[in-house]
Amino acid sequence: MLSKVPGQTAKDPLRRTVSSTRIDKNRAAAVKQCKRYWGPHYANGGKEGDEYPFASTYEEAAEPE
């Protein structure tokens with residue numbers, strides 16, 4: 001059985017937020033995980049902290065908060 005991925009189907013789309021507070025929290029949560037796995041200077045090594053779902057969605061990394 002496949003895991004459920006937000007935005008995986010048209011019946012379960014990603015929902016965009018315009019809240020700058022939520023976007024900032026989402027992005028901070030994604031960066032925290034990048035630093036956790038690749039270290040504090042992960043971007044210097046050519047890695048990117050691109051996130052999916054995107055920081056501008058309700059389904060992003062800070063959703064449980």
Side-chain angles (χ1 to χ4, degrees):
M1 181 173 170
L2 296 174
S3 62
K4 185 174 189 272
V5 177
Q8 186 173 3
T9 67
K11 291 180 181 180
D12 186 27
L14 295 175
R15 298 168 295 141
R16 186 173 178 88
T17 180
V18 294
S19 167
S20 60
T21 301
R22 184 167 186 106
I23 291 170
D24 291 344
K25 284 183 178 183
N26 285 339
R27 186 154 292 117
V31 168
K32 179 180 177 182
Q33 293 305 313
C34 289
K35 289 180 178 179
R36 176 180 169 205
Y37 289 103
W38 298 314
H41 305 292
Y42 69 92
N44 294 343
K47 291 183 172 54
E48 294 183 19
D50 287 349
E51 70 269 346
Y52 184 88
F54 313 105
S56 61
T57 65
Y58 283 106
E59 294 79 12
E60 225 290 343
E63 179 184 19
E65 294 180 6

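Computed from a predicted model, the values in this text were never measured in an experiment. What's counted below: heavy atoms across the whole structure, side chains too, no hydrogens, waters or symmetry copies.
Between A55 and T17 the shortest heavy-atom distance is O-CG2, 4.4 Å. In plain terms, the two heavy atoms of T57 and N26 that are nearest each other are O-ND2, 3.0 Å. In terms of heavy-atom proximity, L14 sits nearest to P53 at CD2-CB, 3.7 Å.
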Can you give the donor-acceptor pairs under 3.5 Å from side chains of residues 29-43 to other protein atoms, not counting sequence neighbours?
unit_1 : atom_1 : unit_2 : atom_2 : d
Q33    : OE1    : R36    : NH1    : 3.0

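Although no hydrogens or angles enter the test, the distance criterion places a donor-acceptor pair under 3.5 Å between the side chain of E59 and the main chain of R15. One N or O on the side chain of R22 and one on the backbone of Y58 form a donor-acceptor pair closer than 3.5 Å.
Not counting sequence neighbours, D24 has no partner by the side-chain hydrogen bond (donor to acceptor under 3.5 Å, both in side chains) test. Partners of T21 under the side-chain contact (heavy atoms from CB on, under 4.5 Å) rule, at least two apart in sequence or in another chain, are S19, K25.
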